[in-house]
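Note that these values count all heavy atoms, side chains included, but never hydrogens, waters or copies made by symmetry.
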Amino acid sequence: MTRGRFGEYGGQYVPETLMGALGELENAYQRFRENKESMATLHHYLTEYAGRPTKLTFCENLSSLFGCRVYLKREDLLHGGAHKINNTLGQALLAKFMGKERLIAETGAGQHGVATAIAGAVLGIPVEVYMGEVDIERQRLNVYRMSLLGARVIPVTTGTRTLKDAINEALRDWVTNVKTTHYLIGSVVGPHPYPRMVRDFQSIIGVETREQILTKEGRLPDVILACVGGGSNAIGMFYPFLKDDVRLIGVEAGGKGLETGEHGASLCAGSKGVLHGALTYVLQDADGQILNTHSVSAGLDYPAVGPEHSMLKDAHRVEYAAVTDTEVLEAFSLLSRKEGIIPALESAHALAQATKVKDELEKDDIMVINLSGRGDKDVVEVARLEGMVP
């Protein structure tokens, strides 16, 4: 990667008023990474507080059903219920290292907002979280959790009132309060250095998976699957395996179907464009106007993707697929019934694609699915969609 770029993607397409802040952030991050005390503190919080390393769980029932050896990387077991805390603890400690007095964040499914609120609470930094009204309605449990943890949730009433618009409002806030505030972006999106920085904090997922599968099986897996919205859990899992002979599959939100236009599959159906400070694959019309997105999963309801994923798509190193809401709900139920593990709807996208890939594998082949989060936050919404509650 050249500075700020993944091939042609990435960069810093931001107002001039933010260039100084991004330069300060890049320099501080480099010093933070090279500071042994800072990295020891991060390791302490990840292990003693967040619960790393997470388990790599062999799924006997799914393995029998799929006809291959299936493992789940259990990011759902982390404090807060998702992989998001790997990044929020890292960036919150970086904010303290920089002397920032306030954290702001955006959230769709609420998991990043909760993880930011957790990091702010334990490190003593005030937190404000921007969240679209639509997402607030379908993720009420996480909204309450954020408030309980001391964060202020700010409803976003503009545009589609989802994740894209929450990011817009957070960026406006950061421009206004950049001297005192750190904008804690939740995925591998946005201007440089965010995509690299978030990837680095999330790469612990793949590093652990590599060590664990070698211990358990004596070799690397044949295929790894992870869901992709902005793409942080996926790049965190994939990055340590990019130089290996391992099939990597990122799974996007097919929503109601790519042919309907109601989806969030930027890599499968988008084109090159700029959104939120980076050149990447974007869902846009012929005039470059950003399209509305749809997904049963609030966390994947975003019209772009991290620039490193765009590079990996063009290089044909990672395969990208899209699954529909119906397939996701079936996978959500499948894992719950077969293994007693309720997945986040985001993670259920990876599982849904796994049900299609399984027929290409042999009995002794190894499949790893990144279970990026737990499904407690989604149970009421799924029950509503299935007509079980009003």
Side-chain angles (χ1 to χ4, degrees), residues 13-15 17-18 84 88 102-117 127-140 142-143 146-147 151-178 181-191 194-195 198 228-232 252-253 255-256 261-266 269-271 273-285 287-307 325 345-346 377 381:
Y13 297 84
V14 297
T17 50
L18 277 181
K84 294 293 187 180
T88 60
R102 172 176 173 257
L103 297 175
I104 59 171
E106 84 297 321
T107 196
Q111 289 298 96
H112 174 58
V114 169
T116 303
V127 173
E128 295 187 358
V129 180
Y130 288 90
M131 190 172 190
E133 279 189 330
V134 170
D135 294 334
I136 285 175
E137 181 60 27
R138 57 181 173 176
Q139 294 293 341
R140 282 175 282 184
N142 272 343
V143 173
M146 283 182 269
S147 299
R152 177 186 172 217
V153 179
I154 303 173
V156 176
T157 60
T158 56
T160 59
R161 298 172 295 147
T162 56
L163 182 58
K164 170 179 70 71
D165 310 289
I167 293 175
N168 289 340
E169 292 303 317
L171 281 168
R172 291 189 185 99
D173 185 320
W174 194 32
V175 169
T176 305
N177 302 290
V178 69
T181 298
H182 175 66
Y183 177 19
L184 206 162
I185 290 181
S187 195
V188 285
V189 298
Y194 281 104
V198 178
V228 176
S232 66
E252 295 191 293
K256 295 182 179 180
E262 296 187 62
H263 58 79
S266 306
S271 56
V274 173
L275 183 64
H276 296 139
L279 174 66
T280 187
Y281 275 92
V282 178
L283 291 172
Q284 57 189 334
D285 65 19
D287 297 320
Q289 296 300 305
I290 303 302
L291 298 174
N292 293 339
T293 57
H294 166 79
S295 172
V296 69
S297 164
L300 303 186
D301 206 347
Y302 181 62
V305 68
D325 289 349
L345 282 172
E346 291 81 7
K377 66 183 178 62
E381 177 67 7

Legend entry - Ile167 side, atom CD1; Leu275 side, atom CG - distance, nearest 0.5 Å: 7.0 Å

Inset, instruction - Taking all non-hydrogen atoms of both residues into account, name the closest pair between Asp165 and Thr158 and its distance. - result: CG-O, 3.4 Å

Inset, instruction - Taking the side chain as every heavy atom from C-beta outward, state whether Glu128 and Val153 have any atom pair closer than 4.5 Å. - result: no

Inset, instruction - Compare every heavy atom of Val282 with every heavy atom of Ala304, then report the nearest pair and how far apart it is. - result: CB-CG2, 4.1 Å

Legend entry - Asp285 (side chain) donor-acceptor with Asp287 (main chain) under 3.5 angstrom: yes

Inset, instruction - Please check if any side-chain donor atom of Tyr302 sits under 3.5 Å from a side-chain acceptor atom of His276, or the reverse. - result: yes

Legend entry - side-chain contact (heavy atoms from CB on, under 4.5 Å) against Thr107, all qualifying residues, sequence neighbours excluded: His112, Val129, Met131, Met146

Legend entry - Donor-acceptor contact below 3.5 Å, side chain Ser266 vs main chain Pro303: yes

Inset, instruction - Could you pull out the closest heavy-atom pair between Gly264 and Glu252, with the gap in Å? - result: O-OE2, 4.1 Å

Legend entry - Contacts of type side-chain contact (heavy atoms from CB on, under 4.5 Å), residue Asn177, not counting sequence neighbours: Arg102, Asp173, Thr180, Thr181

Legend entry - Set of residues satisfying side-chain hydrogen bond (donor to acceptor under 3.5 Å, both in side chains) with respect to Asp135, sequence neighbours excluded: Arg138

Legend entry - Expected output: side-chain Ser232 to main-chain Ser187 donor-acceptor under 3.5 Å: no

Inset, instruction - Using side-chain contact (heavy atoms from CB on, under 4.5 Å) as the criterion, list what pairs up with Thr17, not counting sequence neighbours. - result: Pro15, Val175

Inset, instruction - Any chance you could measure Asn142, atom CG, to Ser147, atom OG, to the nearest 0.5 Å? - result: 10.5 Å

Legend entry - Partner set under side-chain hydrogen bond (donor to acceptor under 3.5 Å, both in side chains) for Lys164, not counting sequence neighbours: none

Legend entry - Side-chain (Glu346) to main-chain (Gly299) donor-acceptor, under 3.5 angstrom: yes

Inset, instruction - Work out which heavy atom in Ala170 is nearest to a heavy atom in Ala105; give both atom names and the distance. - result: CB-O, 4.5 Å

Legend entry - Contacts of Glu106 that satisfy salt bridge (charged side-chain N to carboxylate O under 4.0 Å, His left out) - sequence neighbours left out: none

Inset, instruction - With sequence neighbours left out, write down each residue that passes side-chain contact (heavy atoms from CB on, under 4.5 Å) with Glu133, or none if nothing qualifies. - result: Pro155, Thr157, Arg161

Inset, instruction - Sequence neighbours left out, what passes ring pair (Phe, Tyr, Trp, His ring centres under 6.0 Å) with Tyr130? Give chain and number order. - result: none

Inset, instruction - Under the side-chain contact (heavy atoms from CB on, under 4.5 Å) rule, what do Arg152 and Ile154 come out as? Steps first, then yes or no, please. - result: CA-CA 6 Å; Arg152 177 186 172 217; Ile154 303 173; 3.8 Å; yes

Inset, instruction - Starting at OH of Tyr13, measure out to CG of Leu18 and round the result to the nearest 0.5 Å. - result: 16.0 Å

Inset, instruction - Before giving the answer on side-chain contact (heavy atoms from CB on, under 4.5 Å), spell out for Gln111 and Lys377 the whole-Å C-alpha distance, their side-chain angles and the decisive distance to 0.1 Å. - result: CA-CA 9 Å; Gln111 289 298 96; Lys377 66 183 178 62; 3.5 Å; yes

Inset, instruction - State, to 0.1 Å, how close Pro195 and Gly190 come at their nearest heavy-atom pair, and which atoms those are. - result: CG-O, 3.4 Å

Inset, instruction - Could you pull out all residues at least two apart from His263 that satisfy ring pair (Phe, Tyr, Trp, His ring centres under 6.0 Å)? - result: none

Inset, instruction - Please determine, by modelled atom types, if Thr162 and Thr160 share a side-chain donor-acceptor pair under 3.5 angstrom. - result: yes

Legend entry - Polar side chain donor-acceptor pair, Asp301 to Thr293, under 3.5 angstrom: yes

Inset, instruction - Please test Tyr194 against Val188 for side-chain contact (heavy atoms from CB on, under 4.5 Å), starting from the C-alpha separation and ending with a verdict. - result: CA-CA 6 Å; Tyr194 281 104; Val188 285; over 6 Å; no

Legend entry - Glu381/Arg140 salt bridge by N-O under 4.0 Å criterion: no

Legend entry - Spacing of OG belonging to Ser295 relative to CG belonging to Leu345, to within rounding of 0.5 Å: 8.0 Å

Inset, instruction - List in chain and number order the residues that pass side-chain hydrogen bond (donor to acceptor under 3.5 Å, both in side chains) with Thr280, two or more places apart in sequence or in another chain; answer none if no residue qualifies. - result: Ser310

Inset, instruction - Indicate the atoms forming the closest heavy-atom contact of Val198 with Ile185, along with that distance. - result: CG2-O, 3.9 Å

Inset, instruction - With rounding to the nearest 0.5 Å, note down the distance linking CG in Leu103 to OG1 in Thr88. - result: 9.5 Å

Inset, instruction - Answer yes or no: is there a donor N or O on one side and an acceptor on the other, between the side chain of Lys84 and the main chain of Gly186, under 3.5 Å? - result: yes

